[in-house]
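Accompanying notes for the structure given below.
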Amino acid sequence: MNKLHVNHNHYAKICFLIYIHMTMKTSQLLLATTRETPADAEVISHQLMIRAGIIRRLAGGLYTWLPLGVRVLRNIEQIIREEMNRAGAQEVLMPVVQPSELWEESGRWQQYGPELLRIKDRHQRDFCLGPTHEEVITDMVRKEIRSYKQLPANYYQIQTKFRDEIRPRFGVMRSREFIMKDAYSFHLNRECLEQTYQVMYDTYHRIFERIGLDFRAVQADTGSIGGDGSHEFHVLADSGEDAIAFSSASDFAANIELAEALAPTGPRPLPSQALTEVATPNIHSIEDVCQFLSVQASQTLKTLLVLGANEDNPVIALVLRGDHEVNDIKVEKHPLVASPMTFASADQIKQVCGCDAGSIGPVGLTIPMVVDRAAAHCADFVCGANKSGFHLTGVNWDRDVQPGLVTDIRNIVEGDPSPDGKGEIQIKRGIEVGHIFQLGDKYSKALNANVLNEHSRAQILEMGCYGIGVTRVIAAAIEQNHDDKGIIWPDAIAPFQVCIVPMQMHKSPRVAKAVEQLYDSLQKQGVSVLLDDRDERPGVMFNDMELIGIPHRIVIGERGLDQQQIEYKHRRDAEPQNIAEAEFISFLMAQLNK
RNA sequence: CGGAGUGUGGCGCAGCCUGGCUAGCGCAUCUGCUUUGGGUGCAGAGGGUCGGGGGUUCGAAUCCCUCCACUCCGACCA
């Protein structure tokens, strides 16, 4: 009995807290809207976040979240928490500041560049601000998890990260400090990892669907972090920094860096021209060559010299069609080429080819040559003559030069066949908001994270890691949902679901009474409401509410009350509609549950 | 890292080249009036060591030196 009573009080207290959090009057809220667009904000989401009073810049790549912004953040975090918990993950919270020892154990203290912000404490001990938490979580697991019976396990946190970006820009889209949900799973074997990976893949779909974003999961490169399977989750937006290749006919989607460029179909055309050397004084770039010789870029070949992976072949030639771009990720995977891909110096070029960069070509080269599939399919092409100021025309493989190693080393382009054999490639831009990896044993091995298996043998764990850029999701949501008046929040993450804009409330007791009544009953229904109780002109209030993107707007004025009506308009509607006062609450609840 | 640029009330800018009254303007803020279904109008007020330091000069926001901060562009040329 006593216990129940206590619980009841506790429950009432929680309700009260939520109550306060849900509703608000503008007179109590830091509504920091501005009429003018900041000069340094380049993308629309950054401009609107500042104008709507969501963030303020403190220093380069560092932002303060104002009350309105925090409400959006919390909404997103809540969705993520619910879905992660539902997927069986457990929440933890790890330090932002991390000791160098762990990073030395994993080898990343040396590997990471200046992006890792290193600091010393008063005892001159080395620390860093965590750009990610593989080391810390692996350390936790190796200390806490002893038995295979405790596996699999998935731990996540929602926490601040710091990466000292070369050039922070676009507001919170590429900031130095940002909030991330990162999760790390641990398994006895790869099959188990793959299962959890699939669960996370599905969970991410649920999360981004609930937030209300138009997104795609795409196959991605595993990057420097290592491992096998990886998907990126991209919000589609023209301002996105990443290019994604889609098939027009199937659900194939991959980061442009990873999508395989297939060989052109059909046999290579037969030679029809004679090999000719032409003088091309001061002509270097493909563009110049095309203009000078009146040929298409696709009829030319460019030859790049990069450093080799071993001393036997210090310089390697890469041959691509003039209109194609080299893909350094693909190139670095080639056994002959040094990783990271590094261009040969001018001196090395001179030594190997006997000419300047700009006149290099495959004909007569004695170093190993890696030829792109599309380049290998060209006939009667133009290329450098390995003689400064000269090019060759009418060049043909086999007849004039052996193609050597033919493979895929370029970026896929629009119109290429889809790698899965269905349809053509289309390219769209996306904002990366999530990334999931099968890490394997990279960190668990380095940090010796093992458990005893059923045979009482120590066994290194398999790991997966799963990130969501929480703050970036907000910017991406705005990029995707705005108009010339401001933000249009998806309902699930809006700082308030509903706003009430009263007309002349401070002069009309009748309006004031109707407004208070509605505000109270919506509060009781658990609706998150913002009441604009400022003594401002209607235009000011309308503009502010539209700028900050509240999805549902209620207007109460003498005019409507005379006819027992209340005005409703969704942020996306062109025109408001008048609803009978008596039915208004049920009407609104129906709108909210749409 | 390379290149370009900026720093003047809370924000956005003018003034600087050609040194000289009391450093201006717009927005925002405060007061009063006005107005009230789409950023209204009028009047008034507060708020600045002109990024820091040094120098030239009778006199420096302005010219010179130096330091700092920030922003933008570039980092595949073949």
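We name chains A, B, ... by the order of the sequence lines, and we start the count at 1 in each one.
By the neighbour-count criterion of 12 heavy atoms within 6.0 Å, atom CG of A:Asn310 is densely surrounded, having more than that number from other residues, nucleotides or ligands. Other residues, nucleotides and ligands contribute only 12 or fewer heavy atoms inside 6.0 Å of the CD atom of A:Glu287.
Comparing the P positions of B:C25 and B:A45 gives an interatomic distance of 11 Å, to the nearest angstrom. Taking the P atom of each, B:U8 and B:A14 are spaced 10 Å apart, rounded to whole Å. Comparing the C1' positions of B:U22 and B:C65 gives a spacing of 31 Å, expressed to the nearest Å. Separating the P atom of B:C33 from that of B:C72 is a span of 46 Å, rounded to the nearest Å. Going from the P atom of B:C42 to that of B:C50 covers 33 Å, rounded to whole Å. Taking the P atoms as reference points, B:G9 lies 8 Å from B:G51, given to the whole Å.
Of the candidates B:U36, B:G39, B:G37, B:G39 carries the atom nearest the A:Asn543 side chain, counting heavy atoms from C-beta on. The side chain of A:Arg35 lies closest to B:A28 when the candidates are B:G37, B:A28, B:U36.
Contact check, A:Arg57 against B:U71: a side-chain N or O comes under 4.0 Å of OP1 or OP2.
Separating the CD1 atom of A:Ile556 from the P atom of B:U36 is a distance of 21 Å, rounded to the nearest angstrom. Across the protein-nucleic acid pair, A:Ile50 atom CD1 and B:G12 atom C1' stand 13 Å apart, rounded to whole Å. Computed from coordinates, the A:Met541 CE to B:G38 P distance equals 11 Å when rounded to whole Å. Atom CD in A:Glu165 sits about 16 Å away from atom C1' in B:C1, given to the nearest Å. In this entry the distance linking CG of A:Leu31 with P of B:U29 reads 12 Å, nearest Å. Across the protein-nucleic acid pair, A:Met545 atom CE and B:G37 atom P stand 18 Å apart, rounded to whole Å. Atom-to-atom, CG of A:Asp484 to P of B:G39 comes out at 15 Å; the value is rounded to the nearest Å.
Using a 4.0 Å heavy-atom distance criterion, A:Arg553 is classed as a base contact. Residue contacts shown for A:Arg410 are absent, as no nucleic acid heavy atom lies under 4.0 Å away. A:Val555 comes within 4.0 angstrom of a base, heavy atoms only.
Looking at A:Glu432 and A:His435, their side chains do bring a donor and an acceptor atom within 3.5 Å of each other. In this structure, a donor-acceptor pair under 3.5 Å is absent between the side chains of A:Asp323 and A:Ser298.
For B:G19, there is no paired base (Watson-Crick or G-U wobble, both distances below 3.5 Å). With a 3.5 Å ceiling on both atom-pair distances, the Watson-Crick or G-U wobble partner of B:G2 is B:C73. Across all strands shown, nothing is found opposite B:G38 as a Watson-Crick or G-U wobble partner with both distances under 3.5 Å.
Judged by distance alone, the side chain of A:Arg176 and the main-chain N or O of A:Lys161 form no donor-acceptor pair under 3.5 Å.
Checking A:Gln497, A:Gln591, A:His552 one by one against A:Asp491, the side chain to side chain donor-acceptor pair (under 3.5 Å) holds for a single residue, A:His552. When the options A:Arg571, A:Arg553, A:Arg51 are evaluated for a salt bridge (Lys or Arg N to Asp or Glu O under 4.0 Å) with A:Glu546, the one that passes is A:Arg553.
In the interface, the side chain of A:Glu536 is not paired with the base of B:G39 through any donor and acceptor atom under 3.5 Å apart.
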Could you list the protein-to-nucleotides 76-78 of chain B atom pairs, N/O on both sides, closer than 3.5 Å?
unit_1: B:A78; atom_1: O2'; unit_2: A:Gly358; atom_2: N; d: 3.2

Please determine whether side-chain contact (heavy atoms from CB on, under 4.5 Å) holds for the pair A:Tyr519 and A:Ile500, giving the CA-CA distance in whole Å, both sets of side-chain angles, and the decisive distance to 0.1 Å. CA-CA 8 Å; A:Tyr519 182 66; A:Ile500 303 176; 4.2 Å; yes
